[in-house]
Amino acid sequence: MQNSPPIKRQRQLTKSSMKPSAKSETVLKSQKAKRKPQQKLTQLHFALDVTVLRTCRLCDLSYTKGAPDDESLHRSHCARVRKGLQWGREEERETLKAGVEEVTTGLKLKNGTKGRVICFRPDVGGKIGVKLTTLLETISLALSSPPLSPAVLQHCKVYIFLLSPDSASSHNSRERIVGCVIAQRIATAMAVTSDIDLSTSNTSISHLTSDTSKDAKDKHTHSLIPVDAATNLYVHPNPLPTPLGIPRLFVSSSHRRLGIASHLLSAAASTFILGCPLDPAKGQIAFTQPTGAGKAVLEAWGKGGVRIYEEEQSP
């Protein structure tokens with residue numbers, strides 16, 4: 001009997017053995033990726049004729065659109081210029097320690113709201129000092145003016161108008177800083193020319209004949225100093241003794257034409273020198289170079305007697 005060779009059994013393939021290996025899966029995926037249609041690209045171009053610089057019509061600040069830092073600065077600055085700054089319990093708790101004086105209270109504005117005027121030195125610290133720093137930065141940006149130097153601030157007092165909270169609004173229980181005047185001790189200022197003086201000067205120049213010497217013409221031409229030719233503001237060159245100067249005047253745009261500037265200026269005139277109230281009509285108060293709005297306040301409140309002075313001067 002012959003031994004027959006053993007019959008080889010065919011091994012059945014299980015589902016697990018039929019799965020492709022990890023390497024084969026990677027190859028398949030790469031092949032599929034190659035077969036994907038290429039994404040259509042868009043070519044961009046710089047628009048050099050379009051500026052990204054914007055000027056806000058509400059606060060007049062120029063900033064770069066699309067720059068996060070610039071846009072954040074604009075939002076905070078614009079809110080302060082329009083609505084002012086908050087004066088809360090933290091600042092109020094430090095008033096006694098900081099030597100804050102309440103000059104006037106219960107002042108009624110033209111729209112029926114009320115407020116008060118407080119005064120303190122510019123070298124104050126704490127929460128009030130931080131608030132003052134923010135306020136002065138806002139004023140410098142709003143007026144496009146350089147910051148006041150430490151030498152000037154040394155002879156200054158800060159007058160702030162605090163608007164009372166709206167009694168009809170339950171969520172707004174804080175006062176707001178809506179106006180500020182910086183008052184400075186000065187020595188001299190120049191008198192503002194009246195319309196009569198200006199017309200007389202122009203008439204004198206026009207009457208000069210061609211035979212008049214050049215020196216005589218220059219003398220007439222330079223007899224008045226232009227401060228702002230656009231608003232027809234000129235001053236006489238002779239310096240006159242003047243005790244009080246106003247280097248900065250600011251009122252938030254939403255609260256203008258309510259009498260806030262007049263209240264602040266009157267408070268400074270009556271209390272800046274202890275026991276010696278000053279009268280703008282007598283030429284005892286001067287402004288630095290005013291803006292168009294500042295010139296209107298100068299004429300209305302000053303009653304024609306307010307003078308102009310150079311900001312960087314010591315008393």
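Since the model is a prediction, treat every value here as computed from it, not as a measurement. Values below: every heavy atom of this structure, side chains too, minus hydrogens, waters and symmetry copies. Sequence positions, counted from 1, serve as the residue numbers for this chain.
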Salt bridge (Lys or Arg N to Asp or Glu O under 4.0 Å), that's the test. Do Glu90 and Arg174 meet it? Break it down for me. CA-CA 11 Å; Glu90 299 84 0; Arg174 293 189 175 189; 3.8 Å; yes
With a 6.0 Å cut-off (strictly less than), is the heavy-atom count around CZ of Arg256, excluding the residue itself, greater than 12? yes
When every non-hydrogen atom of Tyr159 is compared with those of Ala267, the smallest separation belongs to CE2-O, 3.9 Å
Check the surroundings of atom CG in Leu96: do more than 12 heavy atoms from other residues, nucleotides or ligands lie under 6.0 Å from it? no
Pair Thr55-Tyr63, side-chain donor/acceptor within less than 3.5 Å: no
Side chains of Phe250 and Val181: closer than 4.5 Å at any heavy-atom pair? no
Side chains of Leu109 and Leu163 in contact at under 4.5 Å (non-hydrogen atoms): yes
Spacing of Leu249 atom CG and Ile139 atom CD1 [to the nearest 0.5 Å]: 8.5 Å
Under 3.5 Å donor-acceptor pairs involving side-chain atoms of residues 116-125, not counting sequence neighbours:
| unit_1 | atom_1 | unit_2 | atom_2 | d |
| --- | --- | --- | --- | --- |
| Arg116 | NE | Glu175 | OE2 | 2.9 |
| Arg116 | NH1 | Glu102 | OE2 | 2.9 |
| Arg116 | NH2 | Glu92 | OE1 | 3.0 |
| Arg116 | NH2 | Glu175 | OE1 | 2.9 |
| Arg121 | NH1 | Cys156 | O | 3.3 |
| Arg121 | NH2 | Gln154 | O | 2.9 |

Working note: Ser252 + His255, criterion side chain to side chain donor-acceptor pair (under 3.5 Å); need CA distance, chi angles, decisive distance, verdict. CA-CA 6 Å; Ser252 58; His255 303 91; 2.7 Å; yes
Under 3.5 Å: donor-acceptor pair, side chain of Glu310, backbone of Ala189: no
If hydrophobic clusters are built from ILVMFWY residues whose side chains come within less than 4.5 Å, do Leu73 and Leu135 share one? no
State which residues pass side chain to side chain contact (heavy atoms under 4.5 Å, CB included) with Leu58; sequence neighbours excluded, sorted by chain then number. Cys56, Cys78, Arg82
If you measure only the distance, is there a donor-acceptor pair under 3.5 Å linking the side chains of Thr188 and Thr242? no
Would the distance check show the side chain of Arg176 and the main-chain N or O of Gly84 forming a donor-acceptor pair, the cut-off being under 3.5 Å? yes
Report all side-chain donor-acceptor pairs from residues 140-153 shorter than 3.5 Å, counting only partners two or more places apart or in another chain.
| unit_1 | atom_1 | unit_2 | atom_2 | d |
| --- | --- | --- | --- | --- |
| Ser140 | OG | Leu136 | O | 3.1 |
| Ser145 | OG | Arg248 | NE | 3.3 |
| Ser149 | OG | Val152 | N | 3.4 |
| Ser149 | OG | Glu312 | OE1 | 3.2 |
| Ser149 | OG | Glu312 | OE2 | 3.3 |

Flag yes if Ile182 and Ile128 sit in one hydrophobic cluster, no otherwise; membership is Ile, Leu, Val, Met, Phe, Trp, Tyr, and two members link when side-chain heavy atoms are under 4.5 Å apart. yes
Please check if Ile225 and Val192 belong to a single hydrophobic cluster, counting links between Ile, Leu, Val, Met, Phe, Trp and Tyr side chain heavy atoms closer than 4.5 Å. yes
All heavy atoms of Ala268 vs all of Leu244, minimum pair found to be O-CD2, 4.1 Å
Do the side chains of Lys127 and Glu91 get close enough for a salt bridge, i.e. N-O under 4.0 angstrom? no
Report yes or no: does Ser72 contribute a side-chain atom to a donor-acceptor pair with the main-chain N or O of Pro68 at less than 3.5 Å? no
Between atom CG of Asn111 and atom CG of Leu258, what is the distance when rounded to the nearest 0.5 Å? 4.5 Å
